[in-house]
Amino acid sequence: MGVQELLIWWADPSAASLYGVEHLSADDALRAPAIRSGKAQRDWQVSRALLQHGRAARPGSGATSLSHSSGHALLATAPPGWKVGVDLEATRPRNVDGLAQWVCSRAERDLLASLPEEARLLRFYQLWTLKEAFIKAAGLDFPADMASVGLNPISTGLALRPPAGRWSACSYRAGAGWMASVVWQAPDASARGPMEPAWHGAAGCALPEVELAGQWRTDSA
């Protein structure tokens, strides 16, 4: 099995029209009545319509990871036995310095502080999405373990700082206003090549321009 079997599915607000409570899992059917605000309902409907699409496109017991932000969603699907995590964030202005104190290592905070404002915001979202993806894939605690994973500045660039084990990761700019990261661990070392996961628009949604913003692999456990 190769990394080509790791797929990333994108959905925009139009996917909400395909939402149906009859397609929810038992757990989601119990959660659905508690989703009350308009924004939360939109995110819920888009993400669950995307999940429905992914299950239909890749039936079986493979690994999945779901993320949503501001009416958009990403779903990562991988073969059985893999670990996978994905996170999507709208790159809106945030209190980067304050959040970095909470979720970043000292080296990451120093890196952010060295950058001009626009670059600092984008690098922060790259770090955040990588951290969230690792939290999901490795079953770590949020927010306690956010600072324990991410990136290490080194002389040749940025090195991945994952949980224990051999991991691969990619970060992306999606369109003009989105940052996403996906991390994965395959049980077969032959599936850990340098190729990128494949992106697809789901549920009739047009895929935005996707630009690779970082790619990493660790070779030691």
- Message: Strictly distance-based, threshold 3.5 Å: is any side-chain N or O of Ser168 a donor or acceptor partner for the main-chain N or O of Trp184?
- Response: no

- Heavy-atom check, side chain of Trp102 versus side chain of Pro143, under 4.5 Å: yes

- Message: With a 4.5 Å cut-off on side-chain heavy atoms, are Asp97 and Arg120 touching?
- Response: yes

- Full working for side chain to side chain contact (heavy atoms under 4.5 Å, CB included) between Arg173 and Gln126: CA-CA 9 Å; Arg173 295 287 308 279; Gln126 182 182 50; over 6 Å; no

- Query: Can you check whether Leu212 reaches Glu196 side chain to side chain, under 4.5 Å on heavy atoms?
  - Reply: yes

- Task: Mind checking side chain to side chain donor-acceptor pair (under 3.5 Å) for Ser14 and listing every partner two or more places apart, or none if nothing turns up?
- Result: Asp12

- Item | Side-chain donor/acceptor of Thr218 to backbone N/O of Trp167, under 3.5 Å | yes

- Item | Least distance between heavy atoms, Arg109 atom then Ala100 atom | CD-O, 3.4 Å

- Give the intermediate values and the outcome of side chain to side chain contact (heavy atoms under 4.5 Å, CB included) for residues Trp216 and Ser171. CA-CA 9 Å; Trp216 303 269; Ser171 292; 3.6 Å; yes

- Message: Looking only at side-chain N and O atoms, does Ser67 offer a donor or acceptor that is under 3.5 Å from a partner on Asp87?
- Response: yes

- Can you find a pair of side-chain heavy atoms, one from Arg48 and one from His23, that are under 4.5 Å apart? no

- Taking the side chain from Lys136 and the backbone from Leu66, do they hold a donor-acceptor pair closer than 3.5 Å? yes

- Donor-acceptor contact present, side-chain Arg166 to main-chain Gln185, <3.5 Å: no

- Glu108 side chain to Leu151 backbone, donor-acceptor under 3.5 Å: yes

- Message: Quick check for you: to the nearest 0.5 Å, what is the distance between Ser148 atom OG and Arg161 atom CZ?
- Response: 7.0 Å

- Message: Ignoring hydrogens, what is the shortest heavy-atom contact between Ser181 and Ala133? Give both atom names and the distance.
- Response: O-CB, 4.0 Å

- Say you draw a straight line from CD1 of Ile135 to CG of Leu130; how long is it, rounded to the nearest 0.5 Å? 11.5 Å

- Heavy-atom pair of closest approach, residues Ser105 and Lys131: N-NZ, 4.5 Å

- Item | Cluster link Phe142 to Phe124, ILVMFWY, side chain under 4.5 Å | yes

- Query: Considering all heavy atoms of both residues, which atom of Trp9 and which atom of Gly201 are nearest to each other, and what is their separation?
  - Reply: CE3-O, 4.5 Å

- Calculate, to the nearest 0.5 Å, the distance between atoms OH and CG belonging to Tyr172 and Leu88 respectively. 13.0 Å

- Note on the structure: For Trp44, the hydrophobic cluster (side chain heavy atoms closer than 4.5 Å, chained through members) also holds Tyr19, Val21, Leu24, Ile35

- Query: So which of Met179, Arg123, Arg94, Met146 actually passes side-chain contact (heavy atoms from CB on, under 4.5 Å) with Trp128?
  - Reply: Met146

- Indicate yes or no for a side-chain donor-acceptor contact from Arg58 to the backbone of Glu5 under 3.5 Å, with no hydrogens or angles considered. yes

- Query: Considering residues at least two apart in sequence or located in another chain, which fulfil the side chain to side chain donor-acceptor pair (under 3.5 Å) criterion with Ser47?
  - Reply: none

- Which pair of heavy atoms, one from Ala11 and one from Cys205, lies closest together, and at what distance? CA-SG, 3.8 Å

- Task: Please report the shortest heavy-atom distance between Pro163 and Leu140, naming the atom on each side.
- Result: CG-CD1, 4.0 Å

- Item | CD1-CG distance between Ile8 and Leu75, expressed to the nearest 0.5 angstrom | 10.0 Å

- Message: Checking Val182 against Leu74 for the side chain to side chain contact (heavy atoms under 4.5 Å, CB included) test, could you report, in this order, the C-alpha distance in whole Å, the side-chain angles of both residues, the deciding distance, and whether it holds?
- Response: CA-CA 10 Å; Val182 58; Leu74 283 186; over 6 Å; no

- Task: With sequence neighbours left out, write down each residue that passes side chain to side chain donor-acceptor pair (under 3.5 Å) with Gln52, or none if nothing qualifies.
- Result: none

- Message: Please evaluate residues Leu160 and Val183 with respect to the criterion side chain to side chain contact (heavy atoms under 4.5 Å, CB included), reporting the C-alpha separation (whole Å), side-chain torsions for both, the decisive distance (0.1 Å), and the verdict.
- Response: CA-CA 10 Å; Leu160 192 65; Val183 305; 5.7 Å; no

- Item | Pairwise side-chain contact, Glu117 with Leu121, heavy-atom cut-off 4.5 Å (strictly under) | no

- Message: Would a single hydrophobic cluster contain both Leu51 and Leu18, if residues Ile, Leu, Val, Met, Phe, Trp and Tyr are joined by side-chain heavy-atom contacts under 4.5 Å?
- Response: no

- Message: Which Ile, Leu, Val, Met, Phe, Trp or Tyr residues join Leu30 in one cluster when any pair of side-chain heavy atoms under 4.5 Å counts as a link?
- Response: none

- Message: Among residues at least two apart in sequence or on other chains, which ones pass side chain to side chain donor-acceptor pair (under 3.5 Å) with Trp10?
- Response: none

- Message: Quick check for you: to the nearest 0.5 Å, what is the distance between Ser69 atom OG and Asp43 atom CG?
- Response: 7.0 Å

- Query: What distance separates Leu158 CG from Leu127 CG, expressed to the nearest 0.5 Å?
  - Reply: 8.0 Å

